[in-house]
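Here, residue 1 is the first one in the sequence, and each next residue gets the next number.
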Amino acid sequence: LLPNILTLGGVCLGISSIKFSIEGNYSLAVTLILFAAILDALDGRIARLIKGTSEFGKELDSLTDFVSFGIAPVFLLYFWELNNYGKLGWAITLIYSVCCVLRLARFNITKLENLQEWKSNFFEGIPSPAGGLLILMPLIYELTNLNLGIEFKNITPYSTTIVAILLVSKIPTLALKKISISPKTTVFLLLAIGIIFIALLFYTFEALLVFGVSYLLSIPISMITYNRQNKINSKKISDEDHEDI
């Protein structure tokens, strides 16, 4: 029950975010999406930790992701800026939501063979929580106290469309589901997590902006890492086939 309770909490946060975006309370709407993303990161890991994974939980998680990261963020953008573009703004809203649901459907039917277990550390395309964060970057910038002399609001239609394409793309992105941590580095990892929470507590939108930029910079790194591991794995399979012959 615990992972599913967290998942249901995420969908409530996503729907509440839509409510506050309609009312024009954009800062609270973004914050609720952030909390939904945190719950989304926890529910799957807790389910695997307590061995409580199930097909029901998997489907529920996907439906929640669609509401919290496929509908809520883009509706927030629509009420904030995209509505100024008329039918084009609504079309972009629909395109993003469609791409998100297609990405989630593809994720649900993806099955990895035993020889491809290393691929579990990569997503195919950017995951929906990351997409929800990335499309909100122009709004998040407006909510910060930064002033770079650039009207990021004007790039909202373009950035939303690009992120929608990235959702359904074949670009490998880091998942980090199966990583081993040395006991010696545990303290430093906990320190880093503590710093992240402090940054989110006192500099919420600035921290989200840094996370978004960092994630974009990690995409080329994940592509290089994926291609390198793919070559190593392909060579290993080829050598094994050669030995069998």
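Contact annotation: the side chain of L8 approaches that of L60 to within less than 4.5 Å [non-hydrogen atoms, C-beta and beyond]. Here the side chains of F107 and S128 are not in contact, with every heavy-atom distance at 4.5 Å or above. For the pair L82 and W90, the minimum side-chain heavy-atom distance is 4.5 Å or more. Looking only at side-chain heavy atoms (C-beta outward), S218 and Y215 come within less than 4.5 Å of each other. The closest side-chain heavy-atom distance from V67 to I15 is below 4.5 Å.
Rounded to the nearest 0.5 Å, atoms CZ (F20) and CD1 (I22) are 11.0 Å apart. Taken from CD1 in I140 to CG in L146, the straight-line distance is 11.5 Å, to the nearest 0.5 Å. Atoms CD1 and OG, from I221 and S214 in turn, are 9.5 Å apart once rounded to the nearest 0.5 Å. Between L167 atom CG and R106 atom CZ the span is 9.0 Å, to the nearest 0.5 Å. For the atom pair CG (L208) and CG (L133), the distance works out to 6.0 Å, reported to the nearest 0.5 Å. F35 CZ to S68 OG: the interatomic distance, rounded to the nearest 0.5 Å, is 13.5 Å.
Grouping Ile, Leu, Val, Met, Phe, Trp and Tyr residues whose side-chain heavy atoms lie under 4.5 Å apart, directly or via other members, places Y203 in a hydrophobic cluster with I198, L201, F202. Other residues sharing a hydrophobic cluster with L63 under the 4.5 Å side-chain heavy-atom criterion for ILVMFWY residues do not exist; the residue is a singleton.
Remark: N83 engages Y78 in a side-chain contact (heavy atoms from CB on, under 4.5 Å) (not counting sequence neighbours). I224 is linked by a side-chain contact (heavy atoms from CB on, under 4.5 Å) to R228, counting only residues two or more places apart in sequence or in another chain. Shown here are the side-chain hydrogen bond (donor to acceptor under 3.5 Å, both in side chains) partners of T144, two or more places apart in sequence or in another chain: there are none. Applying the salt bridge (Lys or Arg N to Asp or Glu O under 4.0 Å) rule to E23 yields the partners K19; only residues at least two apart in sequence or on another chain are considered. With sequence neighbours excluded, no residue satisfies side-chain hydrogen bond (donor to acceptor under 3.5 Å, both in side chains) with E206. The side-chain contact (heavy atoms from CB on, under 4.5 Å) search around I196 returns L200, F211, not counting sequence neighbours. Remark: L76 pairs with S21, Y26, A29, V30, I33, L136, L139 by the side-chain contact (heavy atoms from CB on, under 4.5 Å) rule, at least two apart or across chains.
Transitive grouping of hydrophobic side chains (ILVMFWY, heavy atoms separated by less than 4.5 Å) brings L28 and F79 into a common cluster. Criterion: ILVMFWY side-chain heavy atoms under 4.5 Å apart, direct or through other members. Under it, V210 and L143 are not part of a common hydrophobic cluster. There is a path of hydrophobic side-chain contacts, each under 4.5 Å, that joins I162 to L216.
Considering every non-hydrogen atom in both I135 and V74, the closest pair reads CD1-N, 3.7 Å. Smallest separation of non-hydrogen atoms from S222 and L174: CB-CG, 3.5 Å. Counting all heavy atoms, side chain and backbone alike, L39 lies closest to G9 at CD1-C, 3.8 Å. Across P157 and Y85, no two heavy atoms sit closer than the pair CG-CZ, 3.5 Å.
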Show me, pair by pair, the donor-acceptor contacts under 3.5 angstrom made by side chains of residues 187-195, not counting sequence neighbours?
none

Side chains of residues 93-105: which donor-acceptor pairs under 3.5 Å do they make with residues two or more places apart or in other chains?
residue	atom	partner	partner atom	Å
T93	OG1	G89	O	2.9
Y96	OH	F69	O	3.2
Y96	OH	G131	O	3.4
Y96	OH	G132	N	3.3
S97	OG	G70	O	2.9
S97	OG	T93	O	3.3
R103	NE	I126	O	3.0

Pair I171-F123, side-chain contact (heavy atoms from CB on, under 4.5 Å): steps then yes or no: CA-CA 8 Å; I171 295 176; F123 289 119; over 6 Å; no

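Here side chain to side chain donor-acceptor pair (under 3.5 Å) pairs that include residues 153-174, with residues two or more places apart or in two chains, are E124-K170.
Although no hydrogens or angles enter the test, the distance criterion places no donor-acceptor pair under 3.5 Å between the side chain of S17 and the main chain of L13.
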